[in-house]
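Working notes, beginning with the structure itself.
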Amino acid sequence: MKTSYIFLATGFEEIEAVTPIDILRRAGMNVKTVSVNPDSLKVTGAHGVTYIADIRMEQVSSSDADWLILPGGMPGASNLYGCEALRQMLHDHAATGGNIAAICASPAVVLGQMGLLKGRRATCYPGFEQQCADAVYLPEAVVTDGNIITGRGPATATPFALAIAAASQGKEKAAEVASGMLYDLSDAD
């Protein structure tokens, strides 16, 4: 089974990381958290909560990657963008049609600045649209355009994660997970 990686950088938005971790694991996906901080598995989020990632950036094997997932938050998104190894991995993964998901500031600050959203439909946190200038910006909760899924912000973390689950495990599995969480999928429409 391929692995989906959720990248954590100092200042990440906690709910945008933990919600996808939980939902994707409920859907039966293999998910690993990755610290982009050099020499440490500990990563402190935007609201002072410290997490211990599963692995460090240099331990990621992009050859078995299913999804590369970027939570937002500031300065988390800027710190993700500042990780050269992550930018290279995203570039290479995108070049082969690999799956990428980003939420909040990360679609703009990371994917937008890298040119990975050029001509693609996408969303991001309000106020960051200028960094998505090459994208077709949609002010929606979650936008799926082929192999790229983007989410708007913290309140959209659940539908964002369910969209990833649906893309990988099928809509039925995503609906099953949503139902078990008492989440009404019609609210995401």
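Only heavy atoms go into these numbers, but all of them, side chains included; no hydrogens, no water, no symmetry mates.
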request  = State plainly whether one hydrophobic cluster holds both V34 and L41, where clusters connect Ile, Leu, Val, Met, Phe, Trp and Tyr through side-chain heavy atoms under 4.5 angstrom apart.
outcome  = no
key: N37 and T10: side chain donor to acceptor below 3.5 Å   = yes
key: Contact check, side chains of E176 and R26, non-hydrogen atoms, under 4.5 Å   = no
Neighbour count >12 (heavy atoms, 6.0 Å) for atom CD, E58 = yes
message = Before you tell me yes or no, could you show the steps for D66 and N99 under side-chain contact (heavy atoms from CB on, under 4.5 Å), namely the whole-Å CA-CA distance, both residues' side-chain angles and the distance that decides it to 0.1 Å?
response = CA-CA 6 Å; D66 185 7; N99 298 318; 3.1 Å; yes
request  = Before giving the answer on side-chain contact (heavy atoms from CB on, under 4.5 Å), spell out for M57 and M89 the whole-Å C-alpha distance, their side-chain angles and the decisive distance to 0.1 Å.
outcome  = CA-CA 10 Å; M57 187 67 206; M89 185 177 293; 3.6 Å; yes
Inter-residue atom distance F160.CZ - T150.OG1, 0.5 Å rounding = 8.0 Å
query = Where is the tightest heavy-atom contact between G11 and A46, given as atom of each residue plus distance?
reply = O-CB, 3.4 Å
inquiry  = Are the side chains of S106 and Y125 in contact, using a 4.5 Å heavy-atom criterion?
reply    = no
ask   = Where is the tightest heavy-atom contact between A122 and V143, given as atom of each residue plus distance?
value = N-CG1, 3.8 Å
ask   = Closest approach of A161 and L24, non-hydrogen atoms and distance?
value = O-CD2, 3.6 Å
query = Are any side-chain N or O atoms of Q59 and backbone N or O atoms of R56, one a donor and one an acceptor, separated by less than 3.5 Å?
reply = yes
ask   = What are the two closest non-hydrogen atoms of P107 and G151, and how far apart are they?
value = CG-O, 4.1 Å
query = Is a side-chain N or O of R121 found less than 3.5 angstrom from the main chain of T144, in a donor-acceptor match?
reply = yes
Near-ring test F7/F12, centroid separation under 6.0 angstrom = no
Shortest non-hydrogen contact between I164 and A101, atoms and distance = CD1-CB, 3.5 Å
ask   = For the side chain of T19 and the backbone of T158, is there at least one donor-acceptor N/O pair under 3.5 Å apart?
value = no
ask   = How long is the span from the CD atom in E16 to the CG atom in L70, to the nearest 0.5 Å?
value = 11.0 Å
message = Tell me whether T156 contacts the main-chain N or O of R152 through its side chain, where contact means a donor paired with an acceptor under 3.5 Å.
response = yes
request  = Rounded to the nearest 0.5 Å, what's the gap from CG on N79 to CG on L8? Could you check?
outcome  = 11.5 Å
inquiry  = Do T123 and V142 have side chains that approach each other closer than 4.5 Å (heavy atoms only, starting at C-beta)?
reply    = no
ask   = Going by atom types alone, do Y5 and D54 pair a side-chain donor with an acceptor below 3.5 Å?
value = no
task = To the nearest 0.5 Å, tell me how far S168 OG sits from K2 NZ.
result = 10.0 Å
request  = Check whether any side-chain heavy atom of L90 lies under 4.5 Å from a side-chain heavy atom of M114, and answer yes or no.
outcome  = yes
ask   = Looking at I15 and A157, what are the two nearest heavy atoms and their distance?
value = O-CB, 3.7 Å
ask   = Taking atom types as modelled and ignoring hydrogens, do the side chains of D92 and S62 form a donor-acceptor contact shorter than 3.5 angstrom?
value = no
inquiry  = For S35 and I55: C-alpha separation, side-chain torsions, deciding distance, then whether side-chain contact (heavy atoms from CB on, under 4.5 Å) applies.
reply    = CA-CA 6 Å; S35 170; I55 59 176; over 6 Å; no
query = Are any non-hydrogen side-chain atoms of Y81 and Q113 less than 4.5 angstrom apart?
reply = yes
message = Is there a continuous path of hydrophobic side-chain contacts, each under 4.5 Å between heavy atoms, that joins L162 to V18?
response = no
inquiry  = Measuring from atom OG1 of T3 to atom NZ of K32, what distance do you get when rounded to the nearest 0.5 angstrom?
reply    = 6.5 Å
ask   = Is I148 reachable from I103 through a run of hydrophobic residues whose side-chain heavy atoms are each under 4.5 Å from the next?
value = no
query = Which distance, rounded to the nearest 0.5 Å, do you find between the CD1 of I100 and the CG of D145?
reply = 12.0 Å
request  = Check whether V31 and I23 end up in the same hydrophobic cluster, where Ile, Leu, Val, Met, Phe, Trp and Tyr are linked by side-chain heavy atoms less than 4.5 Å apart.
outcome  = no
ask   = Linking I/L/V/M/F/W/Y whenever any side-chain heavy atoms sit under 4.5 Å apart, do L86 and M74 land together?
value = yes
message = Using the rule given for side-chain contact (heavy atoms from CB on, under 4.5 Å), can you reason through V49 versus T44, listing the C-alpha separation, both sets of side-chain angles and the distance that settles it, and then say yes or no?
response = CA-CA 5 Å; V49 182; T44 301; over 6 Å; no
